[in-house]
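See structure below.
Heavy-atom basis, side chains included; hydrogens, waters and symmetry copies ignored.
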Amino acid sequence: MGTAVRAFGDEALSGFELEFCHPDGRRRLPLGKAWSVPFEVADPVREFHWAKGGKSFPGWYYAVTTVGHVGYESWLERDRLILMDRDREVVGIAAQPFWLRWDDGHKGRRHAPDYFVRLVDGRARVVDVRSADRMDERTEESFEATRRACEAVGWQFEWVGTPDPVFMANVRWLARYRRARSGRPASVAAALIDVFNEPMGIWAGAELVGDRLQVLPVLFHLLWSGRLDADLESDLLDSESLVWAAGRSA
């Protein structure tokens, strides 16, 4: 790979360029001049394509973190969106936020990372989603270039693959109850936290608070938001799964 890709510091700031959507039109600037753009609210730099019979599964996910829809191009990207939406450190998410452009010593290259994430402490994270079995040399080169560009401006870079299937299945279920309305009324939420101050099965605890049909959506919202905890990794949630108040142990 060319010297621009291996560069750090000032050389990297000029060796990489970012092309992004701006309210005044498309912009293309050196990394050193563009790094402070709030990419967590940027529009995608390319369209999401829906093709009949295609191998990808694009769509839009409603993120409670952003109070809006964020695009994805595969089930794997959708799952990562769900996980980021549940991450309490994440306060902003944008899909396909910019084209990263560089010269590899032979020709011009470009790569649009899957997501730009803003964290609660102000730091930035660039996320690329790809399963290990779909990695090839060109993709590895693009991810490495992206990592080095991120290092030059103090951003985090993450390549993430396939999440644990049991954990992901449980979080997908809880995501159905991610909206704030599922956590109401507040009196039921408070009662559930009090009941689960000691570990207890889901149904047993819910029945102590009221009708299960009314109480369970609130319970699942509290599990989504982290105010209640459960073991989401060992097995799929069921009526007897132990739940406990956050900060305690099972």
Side-chain angles (χ1 to χ4, degrees), residues 38 40-41 59-72 75-95 115-125 127 158 160 163-250:
E40 66 272 19
V41 295
W60 296 95
Y61 168 82
Y62 181 83
V64 293
T65 299
T66 63
V67 195
H69 289 88
V70 183
Y72 60 85
W75 293 137
L76 195 59
E77 289 185 19
R78 191 270 323 263
D79 283 350
R80 185 55 49 177
L81 266 177
I82 293 173
L83 293 175
M84 292 190 295
D85 197 24
R86 189 172 182 256
D87 188 339
R88 282 170 286 177
E89 288 192 352
V90 173
V91 296
I93 312 168
Y115 297 108
F116 184 93
V117 176
R118 184 67 66 182
L119 303 178
V120 68
D121 61 4
R123 291 177 300 158
R125 178 182 297 158
V127 179
E158 285 188 354
V160 291
D164 175 79
V166 172
F167 177 73
M168 195 65 240
N170 282 325
V171 176
R172 276 192 221 106
W173 171 264
L174 297 178
R176 301 179 183 190
Y177 304 92
R178 63 189 181 276
R179 292 171 174 80
R181 62 175 180 263
S182 294
R184 295 192 287 264
S187 58
V188 172
L192 283 167
I193 292 171
D194 184 60
V195 163
F196 287 107
N197 194 47
E198 295 295 333
M200 191 178 305
I202 286 179
W203 277 25
E207 288 176 339
L208 290 177
V209 175
D211 186 295
R212 285 204 310 264
L213 291 178
Q214 295 179 327
V215 173
L216 285 175
V218 184
L219 192 160
F220 293 139
H221 177 78
L222 295 176
L223 284 170
W224 164 267
S225 64
R227 296 176 66 188
L228 292 178
D229 281 336
D231 181 359
L232 302 180
E233 298 179 358
S234 298
D235 207 347
L236 297 177
L237 289 172
D238 62 25
S239 61
E240 297 182 358
S241 297
L242 288 181
V243 172
W244 57 91
R248 298 184 62 87
S249 59

When you compare the side chain of [Y] with that of [X], does any pair of heavy atoms fall below 4.5 Å?
X	Y	answer
L119	V91	no
D121	E89	no
Y61	D85	yes
E233	V166	no
I93	F116	no
V67	Y62	yes
D238	I202	no
V70	T65	no

Within the distance-only criterion (no hydrogens, no angle test), does the side chain of R178 pair as donor or acceptor with the backbone N or O of A175 below 3.5 angstrom?
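Confirmed, R178 side chain pairs with A175 backbone.
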Any donor-acceptor N/O pair, D79 side chain to A169 backbone, under 3.5 Å:
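Between the backbone of A169 and the side chain of D79 there is no qualifying donor-acceptor contact (under 3.5 Å).
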Identify the heavy atoms of [X] and [Y] that sit nearest to each other, and give their distance.
X	Y	value
S234	D231	OG-OD2, 2.6 Å
L223	R86	O-NH2, 2.8 Å
G226	A246	O-CB, 3.2 Å
L216	W203	CD1-NE1, 4.0 Å
R227	A189	NH1-CB, 4.5 Å
R212	A206	CG-CB, 4.3 Å

Atom pair [atom1] ([X]) and [atom2] ([Y]), whose distance is rounded to the nearest 0.5 Å:
X	Y	atom1	atom2	value
M84	E77	CE	CD	9.0 Å
E158	Y115	CD	OH	13.5 Å
E198	L242	CD	CG	11.5 Å
D235	N170	CG	CG	8.0 Å
D87	I82	CG	CD1	14.0 Å
L192	S187	CG	OG	9.5 Å

Could you go step by step and tell me if V64 and W224 meet the side-chain contact (heavy atoms from CB on, under 4.5 Å) rule?
CA-CA 11 Å; V64 293; W224 164 267; 4.3 Å; yes
For Y72 and R80, what are the C-alpha separation, side-chain angles and deciding distance, and is it a side-chain contact (heavy atoms from CB on, under 4.5 Å)?
CA-CA 9 Å; Y72 60 85; R80 185 55 49 177; over 6 Å; no
Step-by-step side-chain contact (heavy atoms from CB on, under 4.5 Å) determination, V218 to V209:
CA-CA 11 Å; V218 184; V209 175; over 6 Å; no
Could you go through W173 and L236, starting from their C-alpha distance and side-chain angles, then the distance that decides it, and tell me whether this counts as side-chain contact (heavy atoms from CB on, under 4.5 Å)?
CA-CA 10 Å; W173 171 264; L236 297 177; over 6 Å; no
Angle class for the Y177/F220 ring planes (parallel below 30°, perpendicular above 60°, tilted otherwise)?
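The rings of Y177 and F220 sit tilted, inter-plane angle from 30° to 60°.
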